[in-house]
Amino acid sequence: MAMLDKTYRPAEVEPKHYERWEAQGAFAAHTDSNAVPYTIMMPPPNVTGSLHMGHALTFTLQDVLIRYRRMTGKDALWQPGTDHAGIATQMVVERQLEAQKVTRHDLGRDNFIKRVWEWKAESGGTITRQLRRLGASPDWAKERFTMDEGLSAAVRKVFVTLHRQGLIYRAKRLVNWDPKLHTAISDLEVEQREVKGHMWHFRYPVEGLENTYITVATTRPETMLGDSAVAVHPEDERYADLVGKMVRLPICNRLIPIVADEYSDPTKGTGAVKITPAHDFNDFQVGIRHDLPQLNIFDRDARTNDEVPEGYGGLDRYDARKKVVEQFEALGLLDKIEPHTHMVPYGDRSGVVIEPWLTDQWFVDAATLAKPAIEAVESGRTRFVPRHWENTYFEWMRNIQPWCISRQIWWGHQVPAWYGPDGAFFVEETEEEAKAAASKHYGHDVDLSRDTDVLDTWFSSALWPFSTLGWPEKTPELARYYPGDVLVTGFDIIFFWVARMMMMGIHFMGDVPFKDIYIHALVRDEKGQKMSKSKGNIIDPLDLIEKYGCDALRFTLSALAAQGRDVKLAESRVEGYRNFATKLWNAARFCQMNECRPVAGFDPGAVKETVNRWIVAKTAELAAKVGTAIEGYRYDAAAGGAYQFVWGTFCDWYLEFAKPIFNGADEGAKAEARATAAWVLDQILHVLHPLMPFITEELWGQIAERGGDLMLRFWPALDGLAAPEAEEEMDWVVRVISAVRGVRSEMNVPPSAQVDLLVSGLAEAKRGWARTHADLITRLARLTAFEAQSSSERVAQASSHGAAQMVVDEATLVMPLGGVIDVDKERARLDKEIARLEGEIAKVDKKLGNADFIARAPEEVVAEQRERRDDWAGAVAKLREALERLSGA
RNA sequence: GGGCGGUUAGCUCAGCGGGAGAGCACUACGUUGACAUCGUAGGGGUCACUGGUUCAAUCCCAGUACCGCCCA
């Protein structure tokens with residue numbers, strides 16, 4: 001085996017392994033295997049997308065899960081794919097056309113759609129290529145696209161079925177109309193933004209009463225052109241005698257009624273509110289209650305149509321507003337204008353103000369579908385992690401509104417409905433079936449025209465957990481991998497997507513689409529700000545990968561993914577974990593230099609040396625800890641535990657312990673230490689693999705000849721390796737070394753100074769420990785000699801000439817420093833230590849002196865406190881003796 | 001207005017009824033044959049505030065303040 005380079009070079013290593021893994025089919029699920037399946041449905045990124053930090057987080061977390069489960073022997077399916085992202089994709093292609101000064105209308109529908117497919121063929125692979133750079137290991141052979149033939153068939157089937165069940169219907173309703181994109185959008189695609197505007201107070205003359213006016217306040221003066229009524233609260237005495245009278249609407253010169261309706265809030269504005277049923281959601285409801293006409297005054301561009309008085313037609317809504325206000329002022333009917341901050345709806349894609357507009361649209365009866373989806377979470381068949389997201393889910397699902405699923409765009413699944421000459425429609429999966437149905441209906445063949453609308457992108461996404469597995473066909477995949485084990489996603493799409501998958505999954509599959517829903521937080525910048533182009537604080541994951549390596553980024557995201565917290569990403573963290581990768585690399589290099597080669601048939605349970613039994617036990621703990629953490633979605637604990645072990649235990653202590661052995665003469669000990677170190681390193685590579693797939697695979701291959709890739713190996717099953725007595729012994733060694741190092745540093749004993757260490761009062765049982773580890777303690781504490789059992793005369797003599805003394809358990813360590821040491825300083829140090837311990841003792845004494853504590857606290861807690869007090873008291877006594885011995889110096 | 005989170009070391013965050021923790025940053029020392037992308041040691045906190053429950057509260061409960069997010 002060639003020697004490892006001095007540093008790890010991720011850029012050279014990553015593509016090499018990824019390509020081999022993929023080519024060898026290492027990511028594939030095995031439908032015909034006997035293993036227990038484990039399924040994650042990848043939230044399909046937009047086909048227009050490119051990898052951002054949110055993707056990096058979510059896909060890293062999913063990849064950690066899938067790699068871990070694959071290693072534990074599950075038949076792991078991570079189902080990948082992309083989403084056609086209707087509006088977003090159409091906008092991208094339209095923007096390209098715009099550069100050529102062409103509109104989609106110039107091309108016509110068919111050509112435009114062809115153009116989008118061409119674009120998809122060219123650029124649609126960006127996001128999946130980038131996912132590969134992240135090390136994601138989904139079953140690429142199963143990659144799907146929401147508009148591919150199979151998924152489109154599923155969409156048609158679902159639409160037709162729900163329509164027959166009365167759960168999809170067509171209706172003329174007020175919808176959120178985007179006047180820029182010329183389509184309806186769903187409530188969820190509307191963003192409410194706080195806007196500083198005005199409140200205009202208009203006086204409407206009451207018909208039949210001289211000089212009597214009712215004043216209405218509005219933030220949208222232009223809509224008065226479509227007013228159908230004025231509403232006051234039924235109990236508002238100010239207006240009681242006006243209810244039932246008519247108002248003559250200025251400008252329009254129409255008569256509209258004054259109605260009593262609880263929608264009017266007497267405490268707001270004037271208490272009288274104008275009602276425009278065709279352009280406001282609340283007013284629409286009032287209109288229904290009072291049977292008011294719905295007067296539509298806008299066209300699809302939100303310009304006034306010809307329903308408005310002469311001179312007002314064809315105006316942009318804001319020009320119309322200006323003109324209406326001017327006219328009111330001219331008429332002396334403008335009472336006042338107040339500054340007013342209110343919420344205004346904006347289209348999340350177009351960024352323009354949404355206009356409530358009366359149109360024919362297709363709706364899903366979401367309330368009906370939501371019921372079993374709510375029940376599934378209530379009963380725990382599907383579980384949110386962290387739990388509190390259930391509240392968010394319930395809140396929305398219990399107040400769910402009809403879902404407007406039709407969009408007046410071209411890119412998407414066209415609604416499978418065909419219209420006859422009289423407007424009757426036929427909802428069928430194919431045109432042939434629609435024709436047949438129409439013939440039956442009319443008694444003869446007729447020409448049909450297909451509905452031009454397409455479906456909301458989220459409609460097809462809602463089917464993702466089963467449509468990707470081949471539904472409506474009864475495929476082996478569908479039987480095997482549905483329901484999924486976990487959905488990993490961000491909270492921002494609980495409504496858009498999670499809720500809808502729950503509804504559709506339960507309705508069509510009769511079972512929930514996944515057992516767990518792991519909701520992770522948003523990635524923010526280090527100051528906690530949302531990353532956005534306008535703020536210029538975007539961190540590109542690919543830049544970080546290039547700079548620090550993919551594993552460093554993955555490890556960082558995992559380490560920061562604590563449940564219930566946003567991920568605040570500081571580049572310094574990535575750098576720190578890159579250093580961790582380097583540390584691991586060099587530990588492996590050290591092992592290699594010392595000929596630590598994996599030994600065939602090595603039995604970790606059979607090692608004899610204490611250090612080895614100790615590290616074997618610690619390694620077993622590590623594997624269990626990391627496995628449990630990943631299973632509990634505690635990525636932070638998994639990463640933290642691995643980091644702590646590799647750096648803080650393996651490198652800082654075990655390898656240091658091993659050095660004297662490697663350099664010693666005991667060949668047996670050397671051989672065992674080498675084999676153990678190699679074994680531990682192998683276990684580390686396994687355990688870190690889900691988090692850091694590349695460096696672990698690389699080391700795996702470089703350290704020894706192997707039978708195959710690390711990624712397809714089994715997770716370490718290390719039972720029965722606990723060694724509490726070895727742990728106790730090595731902990732003692734660590735305490736001794738730490739004590740010496742601490743005192744050396746505090747007393748300014750330079751590393752070069754030659755010092756001995758004497759031991760006094762060491763318990764009989766520990767003398768063997770001291771002898772066994774004398775070399776090791778000597779080396780790590782930088783001593784010249786370590787006297788495990790010193791005579792009291794020697795101790796007394798040494799300390800009377802000046803010595804640093806430290807108490808470890810029942811023993812006192814004495815470091816003779818005659819002539820070097822500042823005795824006053826050492827006294828002060830001992831005094832300080834005594835004072836600290838006495839403070840602790842006082843605290844415990846207070847507790848132990850409390851009769852209630854003794855009576856009520858659990859026995860073991862009381863015993864623990866007593867033990868602790870005894871230990872401290874013993875230490876204080878020894879420190880006093882040490883002071884005493886110093887008195888002669 | 002309703003709901004949900006958060007407030008612990010300078011920064012980013014763990015912990016969660018019985019001795020305050022990590023990483024980064026900081027200070028001092030250090031090229032000891034894996035690693036300076038490193039080593040050793042150290043300083044730094046009335047765990048937001050006020051009450052309550054408890055033998056015992058950073059941890060549980062209630063309230064307050066401030067910050068963030070979602071919904072209306």
Side-chain angles (χ1 to χ4, degrees), chain A residues 3-4 6-8 187-188 192 281-282 343 386-392 394-396 399 491-492 494-495 521-522 524 526-530 548-549 552 556 559-594 596 634 636-637 639-641 643-644 647-648 651-652 655-656 658-659 662-663 737-738 740-752 779-782 839-841 843-844 846-858 860-862 864-865 867-869 871-872:
Chain A
M3 191 67 186
L4 286 172
K6 197 166 173 186
T7 50
Y8 169 57
D187 297 346
L188 287 174
Q192 301 290 334
F281 287 97
N282 289 309
M343 303 304 276
R387 193 68 182 268
H388 67 255
W389 289 108
E390 289 178 4
N391 295 326
T392 305
F394 286 142
E395 175 65 20
W396 190 69
N399 298 297
F491 60 82
D492 48 332
I494 291 178
F495 304 146
L522 238 53
R524 299 170 177 280
E526 58 189 309
K527 294 187 200 101
Q529 302 223 17
K530 211 165 166 170
Y548 301 106
T556 306
L560 294 180
Q563 286 183 9
R565 283 253 196 183
D566 281 343
V567 175
K568 288 184 203 160
L569 186 69
E571 193 170 321
S572 62
R573 292 299 291 258
V574 188
E575 193 186 344
Y577 292 123
R578 186 274 318 265
N579 295 352
F580 174 62
T582 307
K583 187 75 179 175
L584 173 66
W585 184 264
N586 278 289
R589 190 159 166 267
F590 173 78
C591 289
Q592 194 184 42
M593 291 170 79
N594 286 283
C596 305
R634 293 301 311 261
D636 57 330
Y643 183 97
Q644 167 56 36
W647 203 315
C651 292
D652 286 351
L655 292 183
E656 293 302 325
K659 282 176 185 174
F662 291 154
N663 296 328
I737 294 166
S738 299
V740 175
R741 283 172 172 174
V743 167
R744 284 186 74 121
S745 169
E746 203 174 337
M747 298 307 294
N748 300 319
V749 180
S752 53
R779 178 175 167 129
L780 296 194
R782 305 182 59 79
E840 298 289 351
I841 290 168
K843 268 197 265 177
V844 178
K846 200 174 156 200
K847 257 189 205 176
L848 291 170
N850 181 347
D852 282 333
F853 173 68
I854 304 294
R856 295 178 184 245
E860 62 272 19
V861 171
V862 177
E864 194 196 346
Q865 298 287 326
E867 196 178 334
R868 196 179 295 163
R869 192 204 182 283
D871 288 350
W872 285 334

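The sequence lines fix the lettering, A, B, ..., with proteins before strands; numbering per chain opens at 1. Keep in mind the model is a prediction, meaning the values are calculated, not measured.
Rounded to whole Å, the separation between the C1' atoms of B:rU50 and B:rG10 comes to 28 Å. With C1' as the reference atom, B:rG18 and B:rG5 are 28 Å apart, rounded to whole Å. Spacing of C1' atoms, B:rA14 relative to B:rG23, comes out at 10 Å, to the nearest Å. For the P atom pair drawn from B:rC4 and B:rC61, the interatomic distance equals 13 Å after rounding to whole Å.
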Determine whether A:W389 and A:I494 satisfy the following criterion, side chain to side chain contact (heavy atoms under 4.5 Å, CB included), listing intermediate values before the conclusion.
CA-CA 9 Å; A:W389 289 108; A:I494 291 178; 3.7 Å; yes
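Listed nucleotides B:rC71, B:rC69, B:rG23 differ in distance to A:F495; the shortest reach to its side chain belongs to B:rC71. Here the side chain of A:R573 is nearest to one of B:rU12, B:rA34, B:rC35, namely B:rU12. Each of B:rC24, B:rC69, B:rC35 was ranked by its minimum atom distance to the side chain of A:Y643; first place goes to B:rC24. When the nucleotides B:rC38, B:rA34, B:rG15 are ranked by their closest atom to the side chain of A:M593, B:rA34 comes out on top. Relative to the side chain of A:A857, the nucleotides B:rG15, B:rA34, B:rC55 differ in distance, and B:rC55 lies closest. Of the candidates B:rC38, B:rA14, B:rG5, B:rC38 carries the atom nearest the A:W647 side chain, counting heavy atoms from C-beta on. Here B:rG30 is the nucleotide among B:rA41, B:rG18, B:rG30 with the atom lying nearest to any side-chain atom of A:P751. Closest approach to the A:S572 side chain among B:rC38, B:rC24, B:rG19 is made by B:rC24 (side chain taken as heavy atoms from C-beta onward). The side chain of A:F853 lies closest to B:rG18, out of B:rG5, B:rA72, B:rG18. Here B:rA34 is the nucleotide among B:rG18, B:rU37, B:rA34 with the atom lying nearest to any side-chain atom of A:K583.
Straight-line distance from the CZ atom of A:R744 to the P atom of B:rG30: 13 Å, rounded to whole Å. We find that CD of A:E575 is positioned 9 Å from P of B:rC38, with the value rounded to whole Å. As rounded to whole Å, 17 Å separates atom C1' of B:rG17 from atom CG of A:D852. Between A:F394 atom CZ and B:rC4 atom C1' there is a gap of 14 Å when expressed in whole angstrom units. We find that CD of A:Q644 is positioned 12 Å from P of B:rC24, with the value rounded to whole Å. Across the protein-nucleic acid pair, A:F491 atom CZ and B:rG5 atom P stand 14 Å apart, rounded to whole Å. Taking atom CZ of residue A:R387 and atom P of nucleotide B:rC4, one finds them 14 Å apart after rounding to whole Å. With rounding to whole Å, A:Y577 atom OH is found 18 Å from B:rC38 atom C1'.
For A:Y577 and A:Y643, the ring centers are positioned less than 6.0 Å apart.
Checking side-chain atoms of A:R573 against main-chain N and O of A:A559 turns up no donor-acceptor pair under 3.5 Å. Not a single donor-acceptor pair under 3.5 Å links the side chain of A:N850 to the backbone N or O of A:K846. For the pair A:Q592 (side chain) and A:L4 (backbone), a donor-acceptor distance under 3.5 Å is present. With A:S745 contributing its side chain and A:R741 its backbone, the two residues share no donor-acceptor pair below 3.5 Å. The backbone N or O of A:C596 lies less than 3.5 Å from no partner atom in the side chain of A:N594, so there is not a single donor-acceptor pair.
In terms of polar N and O atoms assigned as donor or acceptor, the side chain of A:K846 never comes within less than 3.5 Å of the base of B:rA56 in a complementary pairing. You'll find a donor-acceptor pair under 3.5 Å spanning the side chain of A:E656 and the base of B:rA34, going by distance alone. Side-chain to base pairing of A:R741 with B:rU40: no donor and acceptor N or O lie closer than 3.5 Å to each other.
A:K659 comes within 4.0 angstrom of a nucleotide base, judged by non-hydrogen atoms across all strands. A:C651 comes within 4.0 angstrom of a nucleotide base, judged by non-hydrogen atoms across all strands.
When both pairing distances are held under 3.5 Å, B:rC4 makes a Watson-Crick or G-U pair with B:rG68. If you check B:rG30 for Watson-Crick or wobble pairing at under 3.5 angstrom, you find it paired to B:rC38. Figure legend. B:rG23 is base-paired to B:rC11; pairs are counted as Watson-Crick or G-U wobble with both atom distances under 3.5 Å. Searching all strands for a Watson-Crick or G-U wobble partner of B:rU58 with both distances below 3.5 Å returns nothing. If you check B:rG63 for Watson-Crick or wobble pairing at under 3.5 angstrom, you find it paired to B:rC49.
Listed pair A:W389 / B:rG3 fails the phosphate criterion, with no side-chain N or O lying under 4.0 Å from OP1 or OP2. Neither OP1 nor OP2 of B:rU37 sits under 4.0 Å from any side-chain N or O of A:K6. Proximity of A:N748 to the phosphate of B:rA28: no side-chain N or O atom is located under 4.0 Å from OP1 or OP2. For B:rC55, the OP1/OP2 oxygens have a side-chain nitrogen or oxygen of A:R856 closer than 4.0 Å. Regarding contacts with the backbone of B:rC35, every side-chain N or O of A:R578 stays at 4.0 angstrom or more from both OP1 and OP2. Put simply, A:R868 has a side-chain N or O that comes within less than 4.0 Å of OP1 or OP2 on B:rG19. Of the side-chain N and O atoms in A:K843, none sit less than 4.0 angstrom from OP1 or OP2 of B:rG18.
Heavy-atom nearest nucleotides on RNA chain B were determined for A:T392 and for A:G576, and the one closer to the 5' end corresponds to A:G576. In terms of position on RNA chain B, the residue among A:P750 and A:P858 whose nearest nucleotide sits closer to the 5' end is A:P858.
A salt bridge is absent between A:R869 and A:D871; no separation between the charged side-chain nitrogens and carboxylate oxygens falls under 4.0 Å.
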